[in-house]
S.K.: 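Next up is a structure, given as structure tokens.
None of the values given here were measured: they were computed from a predicted structure.
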Amino acid sequence: MKRNYILAAVGIFVLTAIAIWAYWPEASDDHSGDEHGEESRTLEGIVQISERQIEASSIGIETVQIGSVTELVFPATVAAAPNASARIDARASGVVRGVSKTLGDYVRQGEAIARIESADAAGLASQVAIARARVNELSALYDRERRLFEANVTARQDLEAAQANLQVAQSELSRAQAAAAAAGVSGDGRSLAVTSPIAGQVTSAPIILGAYVSAGDELFQVINASGLQVQVALPANDAARIRPGDEATLELGQGREIGGRVRSVTPALDPENRSATAVIALARGAPDLRPGAFLQARIRPSGELDTATISVPEDAVQMVEGREVVFVRMASGFQAMPVTTGTRSAGRIEIGSGLREGQQIATRNAFLLKAELGKEEAEHGH
């Protein structure tokens, strides 16, 4: 019986030893994973690339620094610059006899867009005709006096008097012609042409064919879309922080943005709303913008930094397998490090987590590293 107990104990010991031996490598592996988890994570998603290849590929490298540009957000309104908007009024009273442009049409500078039949046109045409006749009369008189003076028949003062009278008549004719041209008098002297002083698009056209209009009545409004600007209401506390030249970003909706720059800031506050007005000039034309539209403007005061955040160039953030990553410089290449991102502005992206100060990252042409990483993973997959 004692022998059986001994044999059973030996059997249990052997089985226990075998079990420990079987599981020992796995436990060792787990321990190694705990000790070197960071190393294992680092080796994942690495792109092997030499210094020479980095230079040949023109891959830009930037050192991560804490501090991103401060942005202030304000409501804004689209408006036309003074030289990009025109209100076209009737220059004289009369009846509208022709309309060649209507709402939404494009017009050229100086193009006739309507015609008004007016008694004023006849009056202006009559003044031109009278002045021209007077010039013709005095011109003939001057020629006669000049011939008589050359024949020693008349005195010099008679010739000079005729010349002075002719010059006065010529000045009067020039004045009458300028007045008729400014009013747009037609060749028949019965109507006035309504012309646009700027090129642009008709945004308002209250004119009606056959209607009687008085001098000063509004007929059209024309706006040149390339001359639009954005007006931002700045609260008193923020007005002093904004300066001409500060960069701005305008949100157009549906994820679209357009850059701009502060052109001017009013020196005084509006007495009603206690705010100053900043005028932002657009970096490029925006055909879909309309005067009166409301936008959101993000202005970056020059010299102000948010020391609590990190920002990197937009080119540095790449999408790999549905995750946003930044390629961090390592001894043997670049490591694709997942990051969380925040707002985007001025070509940079705020990084919430995933990077630390002092790391070197790929910026320009970082997409080449993404492509190389995809090729290496494809090769390993096979």
Side-chain angles (χ1 to χ4, degrees), residues 76-137 169-231 252-253 279 282 285-295:
T77 306
V78 180
N83 60 352
S85 176
R87 167 177 161 154
I88 304 174
D89 297 338
R91 296 170 181 166
S93 300
V95 178
V96 178
R97 293 302 185 191
V99 178
S100 58
K101 297 291 181 179
T102 187
L103 194 64
D105 289 345
Y106 288 90
V107 300
R108 301 184 306 275
Q109 183 178 6
E111 181 181 2
I113 55 180
R115 183 172 57 87
I116 299 176
E117 189 176 83
S118 172
D120 292 344
L124 292 171
S126 175
Q127 291 178 9
V128 172
I130 293 173
R132 182 175 289 112
R134 180 63 175 167
V135 167
N136 292 337
E137 177 187 358
Q170 289 172 336
S171 297
E172 183 62 24
L173 175 60
S174 297
R175 185 201 64 78
Q177 289 175 330
V185 176
S186 62
D188 60 6
R190 296 178 53 189
S191 60
L192 305 175
V194 178
T195 60
S196 175
I198 63 171
Q201 190 175 14
V202 178
T203 59
S204 176
I207 187 172
I208 299 175
L209 186 65
Y212 180 86
V213 294
S214 300
D217 287 351
E218 179 183 331
L219 304 179
F220 298 94
Q221 282 191 358
V222 176
I223 290 178
N224 186 340
S226 63
L228 295 179
Q229 61 186 21
V230 175
Q231 297 177 353
L252 306 182
V279 177
L282 303 181
D288 53 344
L289 282 184
R290 293 290 183 269
F294 294 101
L295 305 175

S.K.: Quick check on Tyr212: does its OH atom have over 12 non-hydrogen neighbours (other residues, nucleotides or ligands) under 6.0 Å away?
M.R.: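 Correct, the count exceeds 12.
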S.K.: Please confirm whether the backbone N or O of Ala79 pairs with a side-chain atom of Gln229, one donor and one acceptor, at under 3.5 Å?
M.R.: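 A pair under 3.5 Å: no.
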S.K.: Give a yes or no on whether the backbone of Ile223 and the side-chain of Ser85 come within a donor-acceptor separation of less than 3.5 Å.
M.R.: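 Checking the backbone N and O of Ile223 against the side chain of Ser85, no donor-acceptor pair under 3.5 Å is found.
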S.K.: I need the minimum non-hydrogen distance between Val135 and Ala169, along with the two atoms involved.
M.R.: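 Heavy-atom minimum between the residues: CG2-O, 3.2 Å.
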S.K.: Atom CG of Leu103 and atom CD of Gln201: how far apart are they, to the nearest 0.5 Å?
M.R.: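 Atom-to-atom, Leu103:CG and Gln201:CD are 8.0 Å apart.
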S.K.: Going from CZ on Arg115 to CZ on Arg97, what distance comes out if it is rounded to the nearest 0.5 angstrom?
M.R.: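 Taking CZ in Arg115 and CZ in Arg97, the distance rounds to 8.0 Å.
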S.K.: Might you point out which heavy atoms bring Leu192 and Ala121 nearest each other, and give the distance in Å?
M.R.: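 Result for this residue pair: CD2-CB, 3.4 Å.
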S.K.: If you apply the rule side chain to side chain contact (heavy atoms under 4.5 Å, CB included), what do you find for Val230 with Leu282, and how did you get there?
M.R.: CA-CA 8 Å; Val230 175; Leu282 303 181; 3.9 Å; yes
S.K.: Specify the closest pair of heavy atoms between Val128 and Ala180, including all atoms of both residues, with the distance to one decimal.
M.R.: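 So the two residues come closest at CG2-CB, 3.9 Å.
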S.K.: Do Ile113 and Thr195 touch side chain to side chain, with heavy atoms closer than 4.5 Å?
M.R.: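 With C-beta onward as the side chain, the pair stays apart.
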S.K.: Would you say that Ile88 contacts Pro197 through its side chain, given a criterion of any heavy-atom pair below 4.5 Å between the two side chains?
M.R.: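 Yes, side chains in contact.
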S.K.: Ignoring hydrogens, what is the shortest heavy-atom contact between Ala131 and Ala176? Give both atom names and the distance.
M.R.: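 Closest pair (atom of Ala131, atom of Ala176, distance): CB-CB, 4.4 Å.
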S.K.: Considering all heavy atoms of both residues, which atom of Pro291 and which atom of Leu228 are nearest to each other, and what is their separation?
M.R.: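 Distance-wise, the nearest heavy atoms are CG-CD2, 3.9 Å.
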S.K.: Mind checking the CD-OG1 spacing from Gln221 to Thr203? Nearest 0.5 Å is all I need.
M.R.: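 That separation rounds to 5.0 Å.
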S.K.: Hey, does Val96 have a side-chain heavy atom less than 4.5 Å from the side chain of Ile208?
M.R.: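 No, too far: nothing below the 4.5 Å cut-off.
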S.K.: Going from CD on Glu137 to CZ on Arg132, what distance comes out if it is rounded to the nearest 0.5 angstrom?
M.R.: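 Glu137 CD to Arg132 CZ: 15.0 Å, rounded to 0.5 Å.
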S.K.: Quick check for you: to the nearest 0.5 Å, what is the distance between Asp89 atom CG and Arg91 atom CZ?
M.R.: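 If I round to the nearest 0.5 Å, the distance is 10.0 Å.
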S.K.: Would you mind reporting whether Lys101 and Ser196 have side-chain heavy atoms less than 4.5 Å apart?
M.R.: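 Not touching, per the 4.5 Å side-chain cut-off.
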S.K.: Answer whether the closest heavy-atom distance between the side chains of Phe220 and Asp105 falls below 4.5 Å.
M.R.: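 Phe220 does not reach Asp105 side chain to side chain.
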S.K.: With a 4.5 Å heavy-atom cut-off, do Leu219 and Ile116 have their side chains touching?
M.R.: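 Of all side-chain heavy-atom pairs linking Ile116 with Leu219, at least one is under 4.5 Å.
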S.K.: How close do Val213 and Ala90 get, heavy atom to heavy atom, and via which atoms?
M.R.: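 Looking at all heavy atoms of both residues, the closest pair is CG2-CB, 4.0 Å.
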